Amino acid sequence: MANMQKLVLGTWKIRYKFHFIAGILFIAFVITALYLTGDSRLFLEQQTTPNDSTPSCDLFSGKWVYDNISYPLYKEKQCFLVEDAFACEKYGRKDLEYQKWRWQPHDCDLPRFNATALLEKLRGKKLVFVGDSLNRNQFGSMLCLIEPSIPPSSSKSLIWKGNSIIFNATDYNATIEFYWSPLLVESNCDDLTDHRVQTRIIRVKAIEKHARQWTDADILVFDSFMWWLKPKMTLLWGSFGSPDAIYKEVETRYRRFEIALNTWADWMEFHINRNRTKLFFMSLSPFHFVADWGMNTGRNCYNETEPIFSEGYWGSETDPGMMKAVESAIHELKTRGLKIEYLNITHLSDYRKDAHPTVYRRYYVPLTEEQLANPESRSDCVHWCLPGVPDVWNVILYSYIMRS
């Protein structure tokens, strides 16, 4: 009887092993079949697309690594959508090493940007960047990242309408839009092309004119910092031209910014469809007008060709108080049941003193002979060359969108 039990047990083990091996072979066969058929692209994209099961990682803590193999993610000359303000190579910059730096988080890797996967995610949807020229910088980067993956035979368009620049990928029924609203609330700087005014006047309690343009968005990406940094700004309670309007000059940048953020937050709470719209706020994009990274006083980003390598560097012009104002508004909205992802790209961007346009861009007001003789005095140390730093912002944004 004991021998019979051993025989039965041994036979069961053999059958178990056989079925286990057969199962492994079957799975291998299915994967091979998928790879060799037209479904292989979908299978591979699914393997490279981040999802909710991906281990959490601080994408914003890391260092810049030179990578001339996988970067840049596109060529400036091959992206007809690069605006002249960010087209540094077109306007004479010879040193292109700034394009070849990859952001490397300490504890993980950024996902490789998959434009086709993103377009599929955006099929039938609208992604809107709302803010100032730095958000426009990021919008331009996003277009350059996805445009090469749209077949030449596919229909696409770029339309300027009111405060908006609208890109449509027709085959995907996908829209990527930039909406000019540099102070979020209404102001006398709201014209997309004619907004250079000496005295900025802000209707800090008025946002409806802008906000009603966002209500149909599926993804909203906000920014608003740079335009609040002037020493003095005039706040307006009431309407432009109204005899009952109250004007008050306010010097405290935090206070005036907080009032506007409260107006924005109140509107968001009551008008955003929580089941539809995914929300993001980009943190402050740093600038490099003061050379506080070890060079002689008086220099700025002009002729800088490498990042700052001192880990932990924080620029003297990078204002944490402005960032805290946004963080506080976002936290308050969270307590009201509205979640906004805060993408803190400030520190990683602060290292990149080398990646600004400086004089290698189109100037809408011609430079004087004095300015041409002293290019440092006219260097743009605010915006970013493309390809460049905003591409990394978009890779991070992409990782969040794909997990949502």
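Predicted, not measured: the structure shown is a model, and the values here were computed from it. When a residue number appears, it is its place in the shown sequence, counting from 1.
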[X] with [Y]: basic N within carboxylate O range, under 4.0 Å:
X	Y	answer
R336	D266	yes
K156	E147	yes
D354	R352	yes
K324	E327	no
K125	D218	no
E341	K339	yes

Centroid-centroid distance, [X] to [Y], less than 6.0 Å:
X	Y	result
W103	Y66	no
F280	W393	no
Y91	Y360	no
F281	W264	yes
H383	H356	no
F60	H347	no
F309	W64	no

From the list W267, W180, Y179, ring-ring contact (aromatic ring centres under 6.0 Å, His included) partner of H210 resolves to Y179
Looking at F129, F178, F222, which one forms a ring-ring contact (aromatic ring centres under 6.0 Å, His included) with W214? F222
Output the distance between atom [atom1] ([X]) and atom [atom2] ([Y]), rounded to the nearest 0.5 Å.
X	Y	atom1	atom2	value
L158	L143	CG	CG	7.0 Å
L333	I272	CG	CD1	10.0 Å
E97	N68	CD	CG	7.5 Å
L284	E317	CG	CD	10.5 Å
E258	T263	CD	OG1	12.0 Å
E249	I201	CD	CD1	10.5 Å

Consider only side-chain N and O atoms of [X] and [Y], and report whether a donor and an acceptor are under 3.5 Å apart.
X	Y	result
W228	S224	yes
D109	Q104	yes
E208	H271	no
N168	T175	yes
W384	S285	yes
S155	T170	yes
Y398	N114	no
S283	T346	yes
D191	T193	yes

Between E120 and R123, does a salt bridge (Lys or Arg N to Asp or Glu O under 4.0 Å) hold up when you go through it step by step? CA-CA 5 Å; E120 285 292 348; R123 186 180 288 277; 3.1 Å; yes
Can Q138 and R136 be said to form a side-chain hydrogen bond (donor to acceptor under 3.5 Å, both in side chains), step by step? CA-CA 5 Å; Q138 185 176 359; R136 184 168 172 175; over 6 Å; no
Think R200 forms a cation-pi with W227, using NZ or CZ under 6.0 Å from the six-ring centre and within 45 degrees of its axis? yes
Hey, does the Lys NZ or Arg CZ of R361 hover above the aromatic six-ring of Y363, less than 6.0 Å from the centre and inside 45° of the axis? yes
Is the shortest heavy-atom distance from the side chain of [X] to the side chain of [Y] under 4.5 Å?
X	Y	answer
Q99	E89	yes
L192	I165	yes
I146	S149	no

Only pairs at least two apart or in different chains count here, so list each disulfide (SG to SG under 2.5 Å) that has a residue in residues 149-264. none
Classify the ring geometry between Y351 and Y313 as parallel (under 30°), tilted (30 to 60°) or perpendicular (over 60°). tilted
Evaluate the criterion salt bridge (Lys or Arg N to Asp or Glu O under 4.0 Å) for residue pair K126 and E177; output intermediate values, then yes/no. CA-CA 8 Å; K126 179 188 282 190; E177 178 179 339; 3.7 Å; yes
